[in-house]
Amino acid sequence: MALRLYNTLTRSKEDFQTLEPGVVKMYSCGPTVYNYAHIGNLRSYIFADVLRRALEYSGYEVKHVMNVTDVGHLTSDADIGEDKLDREARKEGKNPWEIARHYEEVFFNDLKALDIEQPTVKCRATEHIPDMIALVEKLLERGHAYETDQAVYYDVTTFPSYTALSRQSLEDKITAARQEVQEDPGKRNPADFALWFKAVGRFENHIMRWDSPWGVGFPGWHIECSAMSMKYLGETLDIHTGGEDHIWVHHPNETAQSEGATGKQFVRWWMHGAFLVVGDLSRGVEERRMGKSEGNFVRLQTLINREYDPLAYRYACLMAHYRTKLKFTWDSIDAAASGYNSLKDFVARAKQIGGEEMPWVGEYRERFKAALADDLNMPMAMAAVSELVREAEKRKEYGVLDALYDFDKVLGLQLRSAAERATNIDKEIESLIMEREEARATKDWARADAIRKQLGDQGILLEDTPAGTLWRRTT
RNA sequence: GGCGACGUAGCCAAGUGGUUAAGGCAGCGGUCUGCAAAAUCGCUAUCACCAGUUCGAUUCUGGUCGUCGCCUCCA
């Protein structure tokens, strides 16, 4: 199956092909582990996961690398500011490494709950400092970088295609827009960004620090992605994913660093996921990105506490295209939960009734694949799923599980295990159901209803259908 | 101030220069049903507004209004 994927670099959909036949080298910008990830962050990883699964579904082997930013980024612009990990560390009375490990663990647990495949390689920034230093040295050698008494900077004027991805002219940007921003007077251009910070001035007490050719300090906040992606995947990646906010700063910087060092194309497909937007959830939606200071911070755990299945959130994400912002409301997650539940109910029913796959199912297989191939149009793929289900019900031909389980390789909604869990009953319950069948045959409604009630109390719902009595666990 | 995106039914959300504008959720009415549950049928959108291009625009162009994002670490 040939995929067409939207490339931010060209702002168009292109026929996807790998550099090396059959193998996709894919890198995803991972989390900064100084706080919990919210569901907006997680949407990006669901997007990357669907992409990865679609590639695997298409027959590729995917080498997927994700970084863990445990160095901490600065809280404000440019060359000053408090390190986020340091700040959290002081607040919680732990050292930055402990903080980072905690949030990292929670993050990967969230991914697991969302049935997101683990990256082939997870790499921590703090464990790749020598790789970063080597890269900075190379950039210095090649004349892309310069040193001041505060830091080592990348000189963006040495990289002519710096704005190719962002398509924003540097002149138009406001620099030092915020009062607290203090620029290093040694910087040559406002857009120059740090490759290495020296532990001087405001950073004198920075907790995380390493030796380097430029003295004790810590790496800049873009260099890790260049160093680690090239270390594990080579100088040219097939796909690089991230949130759409990275189009203008982080990814151009990564490109400048990598291509500046190698002289080769860094990324062939840049792919960016759109934001989840949300407002004051107590009052309906005002479209606003989720943020810690916005009062709209929803974690996966928040959903779990409200008794939503994490996969209902995944389902909600699948109902919107990855390049379109998705409005999150309690109504929308309710809608997703209902839709997901009825899909699970259907597979449980189909599993019990069974049947051979009829030729008409082929049309839906084709529709699903076509939707997937068209830049991961999951809403359209999900529509094909819904219509497949409706068609099966209408025809009373339930041999559609092979197709649905096949689709689920990409959807990641755990349909097979949901069906198995829902229909798995022990001997005792089975014999009660049979007893009830006999009672119904003799119109002993009192006994039949008593058994229905008894099983209902155990979380087992019975459905009397022309095909016999079906059951499923509702808990 | 600069750049960009978006505005489709009660809610979420696809899509297209021209037969009936996907799908999900919610709602209403009917069928089926011992009960229950499910299923099924029907109903619910002049595609923000204005103008232009066109034989024809929701889809292209321009403008207006509104919303949002980026320009600063942030998915």
Side-chain angles (χ1 to χ4, degrees), chain A residues 28-32 34-35 37-48 69 72-78 81-84 166-178 180-181 191 221-222 241-250 272-277 279 284-292 315-316 318-321 323-340 342-343 345-346 349 367 371 377-387 390 393-394 396 440 443 445-446 448-449 452-453 456 461-466 470-472 474:
Chain A
S28 296
C29 277
T32 302
Y34 61 81
N35 202 335
H38 55 63
I39 58 174
N41 300 126
L42 293 172
R43 183 187 181 200
S44 286
Y45 300 105
I46 291 172
F47 147 61
T69 300
H73 283 183
L74 303 180
T75 52
S76 62
D77 180 34
E82 208 176 3
D83 185 282
K84 285 180 172 175
S166 69
R167 300 194 177 185
Q168 279 190 344
S169 80
L170 295 176
E171 293 75 30
D172 293 337
K173 297 187 180 188
I174 292 178
T175 54
R178 293 185 359 182
E180 66 268 30
V181 173
W221 48 80
H222 308 288
T241 73
E244 60 182 348
D245 53 326
H246 287 326
I247 295 170
W248 297 279
V249 178
H250 182 53
H272 296 93
F275 280 135
L276 183 79
V277 295
V285 192
E286 307 155 30
E287 295 171 21
R288 191 167 289 276
R289 69 178 288 184
M290 188 168 282
K292 290 161 198 77
Y315 185 99
L318 291 171
M319 296 297 281
H321 188 90
R323 283 189 287 113
T324 304
K325 64 182 176 177
L326 170 61
K327 288 177 229 172
F328 180 85
T329 63
W330 294 117
D331 282 346
S332 68
I333 187 71
D334 280 342
S338 296
Y340 182 42
S342 39
L343 181 58
D345 289 350
F346 173 81
R349 191 157 54 244
R367 284 177 56 187
N377 191 331
M378 300 318 289
M380 192 170 273
M382 291 297 280
V385 169
S386 295
E387 290 177 41
R390 191 172 16 160
E393 292 282 17
K394 209 186 294 187
K396 305 293 174 203
R440 289 183 71 227
K443 297 193 189 301
W445 306 129
D449 289 348
R452 176 192 290 288
K453 173 86 168 55
L461 178 74
L462 300 183
E463 287 183 24
D464 298 323
T465 75
L470 308 181
W471 61 86
R472 67 172 185 268
T474 57

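To find a chain, count down the sequence lines: A is the first, B the second, and so on, and within it residues start at 1. Any value given below was found using the heavy atoms of this structure, including those in side chains, with hydrogens, waters and symmetry copies removed.
Judged as a salt bridge (charged side-chain N to carboxylate O under 4.0 Å, His left out), and not counting sequence neighbours, A:Glu244 has no contacts. Evaluation of the side chain to side chain donor-acceptor pair (under 3.5 Å) rule for A:Arg43 yields no partner, not counting sequence neighbours. Applying the side chain to side chain donor-acceptor pair (under 3.5 Å) criterion to A:Ser386, with sequence neighbours excluded, gives no partner residue. Listed by chain and number, the residues in a side-chain contact (heavy atoms from CB on, under 4.5 Å) with A:Ser28 are A:Met26, A:Ala48, A:His64, A:Met66, A:Thr241 (sequence neighbours excluded). Listed by chain and residue number, A:Phe107 satisfy the ring pair (Phe, Tyr, Trp, His ring centres under 6.0 Å) test with A:Tyr45 (two or more places apart in sequence, or in another chain). Checked against side chain to side chain donor-acceptor pair (under 3.5 Å), A:Asp334 has the following partners two or more places apart in sequence or in another chain: A:Tyr308. With sequence neighbours excluded, the residues forming a side chain to side chain donor-acceptor pair (under 3.5 Å) with A:His272 are A:Thr8, A:His251, listed by chain and number.
Rounded to whole angstrom, the span from the CE atom of A:Met382 across to the C1' atom of B:C25 amounts to 12 Å. Separating the OH atom of A:Tyr315 from the C1' atom of B:A14 is a distance of 14 Å, rounded to the nearest angstrom. Here B:A5 presents its P atom at 21 Å from CZ of A:Arg288, a figure rounded to the nearest Å. Following rounding to the nearest Å, A:Asp334 (CG) and B:G24 (P) show an atom-to-atom distance of 18 Å. Distance, A:Glu244 CD to B:C74 P: 13 Å, rounded to whole Å. Remark: C1' of B:C74 and CZ of A:Phe275 are 7 Å apart, rounded to the nearest angstrom. Computed from coordinates, the A:Arg367 CZ to B:A14 C1' distance equals 12 Å when rounded to whole Å. Nucleotide B:A13 holds its P atom 12 Å from the CZ atom of A:Phe328, rounded to whole Å.
Rounded to the nearest Å, the gap between the C1' atom of B:A13 and that of B:G17 is 22 Å. With both ends at atom P, the span from B:A14 to B:U8 equals 11 Å, rounded to whole Å. B:U46 and B:G42 are spaced 22 Å apart, taking the C1' atom of each and rounding to whole Å. For the P atoms, the distance from B:U44 to B:A21 is 11 Å, rounded to whole Å. Remark: the separation of the C1' atoms in B:A26 and B:U59 is 29 Å, to the nearest Å. With P as the reference atom, B:G18 and B:G56 are 14 Å apart, rounded to whole Å. The same atom, P, is picked in B:C47 and in B:A51; the two are 14 Å apart, to the nearest Å. Annotation: B:A36 and B:A22 have their P atoms spaced 34 Å apart (nearest Å).
Distances from the side chain of A:Leu326 to the nucleotides B:C12, B:A22, B:A26 place B:C12 closest. Between B:C11, B:G24, B:C74, one nucleotide has an atom nearer to the side chain of A:His250 than all others, and that is B:C74. Among B:G24, B:C11, B:C71, the nucleotide with an atom closest to any side-chain atom of A:Val249 is B:C71. Minimum atom distance to the side chain of A:Glu387 is reached by B:A22, of the listed B:G24, B:A22, B:C74.
Backbone-only engagement by A:Gly339 is indicated by non-hydrogen atom pairs under 4.0 Å involving sugar-phosphate atoms exclusively. Residue contacts for A:Phe47: at a heavy-atom cut-off of 4.0 Å it reaches no nucleic acid atom on any strand shown. Nucleic acid contact class of A:His272 (heavy atoms, under 4.0 Å, all strands): none.
Although no hydrogens or angles enter the test, the distance criterion places a donor-acceptor pair under 3.5 Å between the side chain of A:Asn41 and the main chain of A:His38. A donor-acceptor contact shorter than 3.5 Å links the side chain of A:Ser342 to the backbone of A:Ser338.
In terms of phosphate contacts, A:Asn377 brings a side-chain nitrogen or oxygen within less than 4.0 Å of OP1 or OP2 of B:G15. The side chain of A:Lys327 places an N or O atom within less than 4.0 Å of a non-bridging phosphate oxygen (OP1 or OP2) of B:A13. Contact between the side-chain N/O atoms of A:Thr324 and the OP1/OP2 oxygens of B:C6 is not found at any separation under 4.0 Å.
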Using a cut-off of 4.0 Å between protein heavy atoms and nucleotide atoms, how would you tag nucleotides 28-39 of chain B 5' to 3' with B, S and -?
-> ------BBBBSS
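When the nearest nucleotides of RNA chain B are assigned to A:Lys325 and A:Pro379 by heavy-atom distance, the more 5′-ward of the two goes with A:Lys325.
Consecutive Watson-Crick or G-U pairing (both distances under 3.5 Å) extending over three or more pairs maps onto RNA chain B as B:1-7 with B:65-71, B:10-12 with B:23-25, B:27-31 with B:39-43, B:48-52 with B:60-64.
Comment: A:Asp464 engages A:Arg452 in a salt bridge, judged by a side-chain N to carboxylate O separation of less than 4.0 angstrom.
Taking each heavy atom of A:Asn377 and A:His321 in turn, the nearest pair found is CA-ND1, 3.9 Å.
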